[in-house]
Amino acid sequence: MEYPLIIDGKRAGKLNVESSGLYTCFEAWTGESDRLLRVWIHGGGRCAYLGVMQPWSGGMYLRRRMSRRESADFPEYIEFASNDGCSEAGTAERESPRSAAEPQRPGADAERKEWNSCPYPAPIAGDSAELQWYRRSDGTLVSHDGISSLIALPAQLRHAPEGAVVSRIGTGQYIIFRY
């Protein structure tokens with residue numbers, strides 16, 4: 001079944017849900033984004049967290065394969081997915097068929113305000129040489145900039161993808177991601 005994915009109040013992608021034997025496969029995709037996108041599934045007045053989308057093939061993508069036990073807290077009837085979390089107030093004004101008269105979960109506004117004040121996605125330092133990088137056995141580098149962890153993947157690029165942070169660290173060229 002296919003459902004709309006709503007990003008910042010606009011229909012911007014799709015959520016595909018398929019049964020695969022004893023598992024349910026959730027796949028969400030949308031266009032390019034310059035920030036971290038977390039995905040929640042909404043339906044029947046309930047909400048459940050699905051995961052974080054990753055850059056993939058010019059857009060953002062998330063795939064989760066879950067057993068019945070893992071997906072037990074998910075809504076029985078899915079209406080849509082969004083990056084808005086479980087705030088009833090935030091979803092009532094969206095493209096959802098739910099009415100605004102439904103009761104709001106206590107404390108949802110305070111949680112939402114706290115979530116929006118989070119420093120993500122903070123820009124990655126332009127001069128990555130200032131950071132202390134640690135080499136892992138697979139050739140990647142990891143660091144911490146005081147806000148979150150950074151990972152640098154070795155890159156031999158003809159041109160940098162739009163929105164990518166490419167930096168020279170030591171003698172190599174790397175694409176840097178925040179997580």
Side-chain angles (χ1 to χ4, degrees), residues 2-3 5-8 12-42 47-74 78 81-86 111-112 114-179:
E2 197 170 277
Y3 304 95
L5 175 61
I6 299 170
I7 306 295
D8 298 330
K14 295 179 184 176
L15 170 72
N16 192 19
V17 181
E18 291 182 1
S19 243
S20 177
L22 298 174
Y23 294 91
T24 302
C25 183
F26 298 88
E27 284 185 297
W29 59 94
T30 187
E32 193 173 298
S33 177
D34 59 348
R35 63 190 171 103
L36 187 69
L37 293 177
R38 294 178 184 338
V39 177
W40 281 266
I41 294 180
H42 303 265
C47 176
Y49 179 68
L50 184 61
V52 178
M53 299 185 89
Q54 301 175 13
W56 181 72
S57 187
M60 300 294 280
Y61 179 76
L62 169 65
R63 184 175 195 273
R64 295 265 330 257
R65 189 171 173 242
M66 304 172 102
S67 68
R68 284 186 208 151
R69 178 179 240 163
E70 290 173 306
S71 60
D73 292 334
F74 280 54
I78 297 172
S82 80
N83 70 326
D84 220 17
C86 293
E111 285 176 20
R112 183 173 179 79
E114 181 180 318
W115 179 256
N116 287 337
S117 68
C118 182
Y120 294 100
I124 295 171
D127 185 13
S128 57
E130 296 173 0
L131 298 172
Q132 178 70 40
W133 292 95
Y134 298 95
R135 184 173 301 281
R136 295 174 39 186
S137 60
D138 61 358
T140 61
L141 303 176
V142 293
S143 183
H144 192 274
D145 67 354
I147 296 175
S148 61
S149 297
L150 302 172
I151 186 164
L153 304 178
Q156 297 298 322
L157 302 171
R158 292 184 184 164
H159 66 282
E162 186 178 326
V165 176
V166 180
S167 184
R168 183 162 290 289
I169 303 171
T171 59
Q173 187 176 17
Y174 293 84
I175 295 181
I176 303 174
F177 297 93
R178 178 179 302 283
Y179 68 100

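As a basis for the values below, the full set of heavy atoms in this structure was taken, side chains included, without hydrogen atoms, waters or symmetry mates. Just so it is clear, the structure is predicted and the values come from calculations on it, not from any experiment.
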Could you tell me whether the side chain of [Y] reaches within less than 4.5 Å of the side chain of [X], counting heavy atoms only?
X: Arg135; Y: Leu141; result: yes
X: Ile6; Y: Asp84; result: no
X: Ile41; Y: Val17; result: no
X: Lys14; Y: Leu5; result: no
X: Asn16; Y: Trp29; result: yes

Quick one: does [X]'s side chain have a donor or acceptor within less than 3.5 Å of a partner on [Y]'s backbone?
X: Ser20; Y: Tyr23; value: no
X: Ser143; Y: Gln132; value: yes
X: Arg64; Y: Leu50; value: yes

Once you round to the nearest 0.5 Å, how far does [atom1] of [X] lie from [atom2] of [Y]?
X: Glu27; Y: Glu2; atom1: CD; atom2: CD; answer: 10.5 Å
X: Phe74; Y: Tyr49; atom1: CZ; atom2: OH; answer: 10.0 Å
X: Leu37; Y: Thr30; atom1: CG; atom2: OG1; answer: 7.0 Å
X: Trp133; Y: Tyr174; atom1: CH2; atom2: OH; answer: 9.5 Å
X: Asn83; Y: Met60; atom1: CG; atom2: CE; answer: 10.5 Å

Kindly give the heavy-atom pair with the smallest separation between [X] and [Y], and that separation in Å.
X: Pro154; Y: Gly139; result: CG-O, 3.5 Å
X: Ala28; Y: Met53; result: O-CE, 3.5 Å
X: Ile169; Y: Ala152; result: CD1-CB, 4.0 Å
X: Ala81; Y: Leu15; result: CB-CD2, 3.8 Å

Would one find more than 12 heavy atoms of other residues, nucleotides or ligands at under 6.0 Å from atom CD of Gln54? no
